[in-house]
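Every number for a ligand or one of its atoms is a count from 1 in the order of the listing. Heavy atoms only: backbone and side chains are in, while hydrogens, waters and symmetry mates are out.
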Amino acid sequence: MKVEIKKSPLENLNSDALIVFVAQRPEGKNSTTKKPAAANGKEHAAKKGADKEVKKESRAYVEGVSKAVQAKIQTAIDDGSLSGGANEVMFFRDAGIAGSRHLLTVGLGNPKGLDNESLRQAMAVAINALKGSKAKSAALGLDSLPHTSLGANVIVQAITEGALLAEYAFVDFKEKKDLNTPERLTIVSSSKAKAHDHGIETGTTIAECVNFCRWLGDRPGNRMTPAILAEETVKAAKGTKLKINVWDRARIKDEKMGSFLSVSLGSSQEPKFIVMEYNGASAGKKPICYVGKGLTFDSGGISIKPSAGMEEMKYDMCGGAAVIATMIAIAKLKLKVNAIAYIPATENMPGPAANKPGDIVVARNGKTIEVNNTDAEGRLILADALVYACEQEPALIVDAATLTGAMVVALGNLHTGFFTRNDKLAASIQDAADAGGEWVWRMPLTDLHAKDMKGTYADLSNLSGSKGAGSATAAAFLESFVKKEIPWAHFDVAGTAWHVGDRLPYCARKGASGAMVRTFVQLAMSHA
Ligand code: BES
Ligand code: ZN
Ligand code: ZN
């Protein structure tokens, strides 16, 4: 879908479907204080007798559209079928209005609470509703958006993101690849400014990168091996200023990444260490550093997982995919930052040379680790990546990983749990998530969690010695590979990286979500 902006009266369009926002008047105010301009006098006269009812039913309102469109919508408001509630849609097929064949309304709720996420969701709901309509082109009447304090660029960016995110479907292996969505979305406004173009550009880049992250995650394990992940990263970075380096097994061994390497031993697929570098600021400016778990399939290894649901472990590289997509977005948006990223990529399989419970491996910093459960492999591959990241002396490090099942139990599929002991970093993460429209929740990380990860025969164990708090103890394990002076945060995306479509209309019901790309891009923006 191509998103564009046009300054035009809605009547002059030639579009298959016109999308219009309907809002709700706050409680206590009703239609008697501000009657819709297009209200058909006769209709209202006829309803005078039922005055009480009219007041109650007229809480929904529409503005910034032609009288004909307004009258059409008013009928539905008057008969009580349209309330203007958030994400409510009504499709008027062959609506008989000038400029568009069909009319679609989408509810915003009380405009007082309107933010960019409500716009993103409303737009996604609208695009989803058009999926069965065969509409090839859609227009959005931007003037129907009630006045808000949001800037024009923020509004248009959210609208663009909502539309493009809702369009995504994983159809690579389907005979019928039709996405069933309009090919073009024209945002129609009575005024046009540079901010609108900027909003479309930013929104398109971010949504495309989130969709790329989803696509990497949705590919099955046999079509998304470490080598393929690296190749696709190189391909996606073409034409940008990104420098990509891919280390093979020999280089990983030379670099003394014994912990990472040990996880790959049970697989026939060669591990890869993907290095991404972007220089958008002066050489003296310390980079922001991203690290992502690129486990392209997690069978659990010798501590093998139960077969029910094991197919979902193709998503175990979603943290890595989020980091890759973030770097592509940073480069495409030409942000004035320096950024680096490391993605250790491997399978976790129970082949003959696989890690065995009790094995001891040595990480890049010389720390020894008892592998007491081969299914706790994410922390083993991230340990070496974090040590390497710290050696680059970045301004801060954030990592993303589908690290623990315990995270899914703790927070479910809406909030991504993050762990940091740095309050300043925690505050900027919260701001970035708010701006990006994602939900994060700070989780505890203490010395007691770290104590649980001490080994019996080695420095550390990859399995906690205590019950419960599995996500926090995993975070504490990672922390022991990070230099104290470097601000660091760990994001456990186990609950949010896939199957979140039951909560968010711009995510496929099943499939990867692209979680944390928007937040990570915002973090880079605030670092610029
Ligand atoms: N990739 C899994 C974590 C996971 C599980 C993500 C379910 C999403 C859904 C990770 O490698 C793993 O298996 N972790 C173990 C650790 C345990 C053995 C300490 C877990 O959480 O069960
Ligand atoms: Zn595992
Ligand atoms: Zn895993």
Side-chain angles (χ1 to χ4, degrees), residues 217-218 221 224 226 229 259-260 262-267 269 271 291-322 343-350 354-359 369-383 385 399-417 419 443 449 452-455 460-478 490-500 510-513 515-516:
D218 283 335
M224 190 45 66
L229 185 63
S259 182
F260 169 30
S262 77
V263 173
S264 74
L265 295 175
S267 164
Q269 296 293 332
V291 174
K293 173 177 173 182
L295 221 294
T296 60
F297 189 79
D298 182 10
S299 71
I302 296 297
S303 316
I304 199 156
K305 288 182 181 293
S307 34
M310 202 204 270
E311 72 283 355
E312 293 192 356
M313 284 299 120
K314 69 171 184 175
Y315 295 118
D316 212 16
M317 34 57 72
C318 283
I343 302 98
T346 179
E347 285 186 339
N348 183 24
M349 298 292 281
N355 271 338
K356 301 170 291 296
D359 281 2
I369 308 164
E370 271 169 55
V371 182
N372 286 319
N373 189 316
T374 68
D375 196 13
E377 84 301 332
R379 58 199 80 181
L380 294 176
I381 73 170
L382 289 171
D399 77 64
T402 46
L403 206 64
T404 61
M407 195 72 247
V408 191
V409 178
L411 292 185
N413 67 357
L414 194 56
H415 292 78
T416 294
F419 301 78
M443 302 288 289
H449 297 121
D452 286 346
M453 302 309 289
K454 297 264 178 261
L460 292 159
S461 166
N462 76 335
L463 194 62
S464 168
S466 296
K467 280 197 180 141
S471 306
T473 51
F477 178 91
L478 296 183
H490 156 62
F491 290 71
D492 194 335
V493 290
T496 51
W498 70 91
H499 295 191
V500 304
K510 285 200 158 189
S513 63
M516 291 303 111

Judged on heavy-atom distance to atom 13 (O) of ligand 1, which of E312, K305, E377 sits nearest?
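Closest candidate by heavy-atom distance is K305.
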For atom 10 (C) of ligand 1, which candidate among D492, L403, V408 holds the nearest heavy atom?
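Among D492, L403, V408, the closest heavy atom to atom 10 (C) of ligand 1 comes from L403.
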Nearest protein heavy atom with distance in Å, relative to [atom]:
{"atom": "atom 2 (C) of ligand 1", "answer": "D298 OD2, 3.6 Å"}
{"atom": "atom 21 (O) of ligand 1", "answer": "G405 N, 2.7 Å"}
{"atom": "atom 15 (C) of ligand 1", "answer": "D375 O, 4.0 Å"}
{"atom": "atom 19 (C) of ligand 1", "answer": "L463 CD1, 3.5 Å"}
{"atom": "atom 18 (C) of ligand 1", "answer": "N373 ND2, 3.4 Å"}
{"atom": "atom 6 (C) of ligand 1", "answer": "A494 CB, 3.6 Å"}

Is K293 close enough to the Zn ion (ligand 3) that one of its N, O or S atoms comes in under 2.8 Å?
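Yes - counting backbone and side chain alike, K293 has an N, O or S atom under 2.8 Å.
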Less than 4.0 Å between a side-chain N and a carboxylate O, is that true for K305 and E312?
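No, E312 and K305 are not salt-bridged.
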Identify the heavy atoms of [X] and [Y] that sit nearest to each other, and give their distance.
{"X": "L382", "Y": "A401", "answer": "CD1-CB, 3.6 Å"}
{"X": "A515", "Y": "A322", "answer": "O-CB, 3.7 Å"}
{"X": "P357", "Y": "N372", "answer": "CB-O, 4.0 Å"}

Going from [atom1] on [X] to [atom2] on [Y], what distance comes out if it is rounded to the nearest 0.5 angstrom?
{"X": "S471", "Y": "L403", "atom1": "OG", "atom2": "CG", "value": "7.5 Å"}
{"X": "D399", "Y": "I343", "atom1": "CG", "atom2": "CD1", "value": "12.0 Å"}
{"X": "N355", "Y": "L380", "atom1": "CG", "atom2": "CG", "value": "7.0 Å"}
{"X": "T473", "Y": "F419", "atom1": "OG1", "atom2": "CZ", "value": "8.5 Å"}
{"X": "T416", "Y": "M443", "atom1": "OG1", "atom2": "CE", "value": "11.0 Å"}
{"X": "L460", "Y": "R379", "atom1": "CG", "atom2": "CZ", "value": "11.0 Å"}

Looking only at N, O or S atoms, which one in D298 sits nearest to the Zn ion (ligand 3)?
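Nearest to the Zn ion (ligand 3) within D298's N, O and S set: OD2.
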Which atom name would you report as the N, O or S atom of D316 nearest the Zn ion (ligand 3)?
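Result for D316 and the Zn ion (ligand 3): OD2.
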Interfacing atoms of ligand 1 (cut-off 4.0 Å, heavy-atom, K293)
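Within the 4.0 Å cut-off of K293, ligand 1 contributes 1 (N), 10 (C), 11 (O).
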Any idea which atoms of ligand 1 are less than 4.0 Å away from a heavy-atom of T402?
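Heavy-atom distances to T402 below 4.0 Å select 1 (N), 2 (C), 3 (C), 6 (C).
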Tell me whether [X] reaches ligand 1 (any heavy atom closer than 4.0 angstrom to a ligand atom).
{"X": "M313", "answer": "yes"}
{"X": "R379", "answer": "yes"}
{"X": "W498", "answer": "yes"}

Contact (N/O only, under 3.5 Å) between T404 and ligand 1:
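There is no such contact.
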Would you check the N or O atoms of N462, main chain and side chain alike, for any that come under 3.5 Å of an N or O of ligand 1?
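Checking ligand 1 against N462, no N or O pair falls under 3.5 Å apart.
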Evaluate Y315 against H499 for ring pair (Phe, Tyr, Trp, His ring centres under 6.0 Å), listing each step before the verdict.
CA-CA 10 Å; Y315 295 118; H499 295 191; 5.8 Å; yes
With the Zn ion (ligand 2) as the apex, the O/OE1 angle for D375 and E377 - to 10°:
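That angle is 70°.
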If you define the side chain from C-beta out and look only at heavy atoms, does anything of N462 sit under 4.5 Å from T374?
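A side-chain contact is absent here, since even the closest heavy-atom pair is not under 4.5 Å.
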